Amino acid sequence: MMGHNTSEAIKQMTAFIDGVDEPLKKSFQTMHQGYAHQTLERFLKAREGNVQKANKMLLDCLSWRVQNQIDNILAKPIEPREVYNAVRESQLMGMTGYCKKGRPVFAIGVGLSGYDKASADKYVQSHIQINEYRDQVLLPNASKKYGSYIGPCLKILDMTGLKLSALNRIKILTMISTVDDLNYPEKTETYYIVNAPYVFSACWKVVKPLLQERTRRKVQVLQGCGREELLKVMDYDVLPHFSRQEGSGSSKHNIGKTIDCFSPDHPFHVELYNYIKQHAAIVKPVAPEKMLSFHVDVPEQDDEGTIIVQTLESALHNLGDEEAVENGVANLNVNGDQSLRHRKAARNEVQG
């Protein structure tokens, strides 16, 4: 679907948006940040060029945003600060800079993210806040700086520390995956997998056939810490700490001059935290009493996504060798955590 067909499809989607209720239109404006055409293209691409399905996906997304006050989520800090710090310590994600094409580079410590120090709501809230900050602040600023539209980001997934206990994180990872797949389609250009354990290949063989070709092309499994390959698309100072030298491992084991991009004290997280606190002081919440128990409804996962998760989970349990299972299962999270390319393979919106 290219050229004239795409243009005609976008016209139809634009007409559809013009007819929705005002609250949905307002949320669409917040979402596209001046790039309405490109935003519609993302949803169209996520639904393989089917205008009807793309419109439904977009309508569901906008309804979700309005119902959960997503437009104001950057004015809803995770409090108290101790809880915020606990989330940062157990949901390892950070931004290291921009690649040579101007796209934001995010690092995710898949193997060492425990998701065990706060409630699921806090992790979902934190994830959405990073998504919204990326879409409302980072990407628009990058587009202005480079003089052209920059829509997707790059993600580097560190598999260091994957263990069988990762199975316990499936619920929270599925929640995050579903949010990304249904509401932030086509926001990641490439997923770079580094420091993968031996059994990763076994897990990948199970998941890969279930993915659409477009999704498979987004996933690149790099050798070791991936430094040499990553340096082709980003400068050295943008490399996450776990990719700067072979055997460096993830953040919790890499102490030195390199700043841990997962830390609450990293410039990105300090900037994001201050941004949210400042906006919280300006924006008066509709229901102040609910601020400390903020909750986002998570859409239901589709049948295809469920099948993928069950298939992978079953395969991991049947690996036999306990050590292999220990390292391989976590792989499941990986694919799931990062926008979860395998889980909604059919949706192929990986991202989150």
Side-chain angles (χ1 to χ4, degrees), residues 1-2 6 10 13 28 30-49 54 57-58 61 93-108 110 127-157 176-194 211-222 226 229-230 232-235 238-240 261 268 272 334-345 347-352:
M1 181 201 66
M2 299 178 66
T6 300
I10 295 301
M13 293 184 71
F28 181 61
T30 299
M31 186 166 66
H32 70 61
Q33 291 291 313
Y35 297 96
H37 181 98
Q38 291 88 340
T39 299
L40 294 177
E41 279 191 330
R42 288 196 295 108
F43 282 82
L44 186 63
K45 185 176 182 180
R47 287 296 175 263
E48 302 296 334
M57 182 186 188
L58 181 56
C61 170
M93 183 174 186
M95 181 192 165
T96 62
Y98 297 84
C99 74
K100 296 177 180 180
K101 293 183 178 180
R103 294 173 173 78
V105 177
F106 286 91
I108 299 97
V110 178
H127 184 82
I128 294 175
Q129 286 178 329
I130 291 177
N131 279 356
E132 290 296 315
Y133 190 71
R134 173 198 65 197
D135 296 348
Q136 293 187 38
V137 179
L138 299 180
L139 289 172
N141 288 344
S143 296
K144 292 177 182 177
K145 177 180 178 180
Y146 286 85
S148 61
Y149 173 70
I150 294 179
C153 65
L154 304 181
K155 289 185 178 179
I156 306 173
L157 283 55
I176 291 174
S177 166
T178 302
V179 166
D180 279 353
D181 290 343
L182 298 183
N183 302 290
Y184 301 93
E186 301 297 326
K187 294 302 296 185
T188 301
E189 180 180 73
T190 307
Y191 294 89
Y192 296 102
I193 297 177
V194 303
L211 305 181
Q212 292 184 347
E213 178 59 29
R214 189 174 71 249
T215 303
R216 290 198 293 269
R217 286 199 299 266
K218 290 183 179 182
V219 182
Q220 292 189 28
V221 182
L222 306 183
E229 288 299 315
L230 291 174
K232 295 178 182 179
V233 296
M234 64 190 71
D235 293 332
V238 179
L239 289 177
C261 65
F268 167 73
L272 174 58
V334 178
N335 300 318
D337 181 48
Q338 309 335 315
S339 285
L340 322 201
R341 35 193 173 279
H342 31 282
R343 277 162 192 154
K344 302 233 156 197
R347 299 184 179 248
N348 190 323
E349 302 153 17
V350 197
Q351 156 59 279

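Given the structure is predicted, the values throughout are model-derived calculations rather than measurements.
- Here the CG-CD1 distance, from D135 to I130, works out to 12.0 Å after rounding to the nearest 0.5 Å.
- Nearest heavy atom pair, residue Y98 against residue A142, reads CE2-CB, 4.1 Å.
- In this structure, the side chains of E189 and V233 stay at 4.5 Å or more apart for every pair of heavy atoms.
- The shortest distance between side-chain heavy atoms of K187 and L139 falls below 4.5 Å.
- Taking 4.5 Å as the limit, every side-chain heavy atom of L272 sits out of range of all side-chain heavy atoms of M95.
- Taking NZ of K101 as the start and CG of L154 as the end, the distance is 9.0 Å to the nearest 0.5 Å.
- To the nearest 0.5 Å, atoms OG1 (T188) and CG (D180) are separated by 7.5 Å.
- In this structure, the side chain of K155 does not engage the main chain of A107 through any donor-acceptor pair within 3.5 Å.
- When each of R42, R47, K218 is tested with E186 by the rule salt bridge (Lys or Arg N to Asp or Glu O under 4.0 Å), just one qualifies, namely K218.
- A side-chain N or O of Y184 and one of E132 form a donor-acceptor pair less than 3.5 Å apart.
- In this structure, L157 CG and I193 CD1 are separated by 6.0 Å, a value rounded to the nearest 0.5 Å.
- Annotation: side chain of Q33 is not in contact with side chain of S143 (no heavy-atom distance under 4.5 Å).
- Here E229 contributes atom CD and I156 contributes atom CD1; the two are 12.0 Å apart, rounded to the nearest 0.5 Å.
- Contact check for Y192 versus V105: no side-chain heavy atoms found under the 4.5 Å cut-off.
- The shortest distance between side-chain heavy atoms of F106 and R134 falls below 4.5 Å.
- L40 places a side-chain heavy atom less than 4.5 Å from the side chain of F28.
- Looking at T96, its side chain never comes within 3.5 Å of a backbone N or O of L239 through a donor-acceptor pair.
- Between the CZ atom of R103 and the OG1 atom of T190 there is a distance of 8.0 Å, given to the nearest 0.5 Å.
- Between M13 and F43 there is a side-chain heavy-atom pair separated by less than 4.5 Å.
- The neighbour count for K100 NZ, taken as heavy atoms of other residues, nucleotides or ligands under 6.0 Å away, is above 12.
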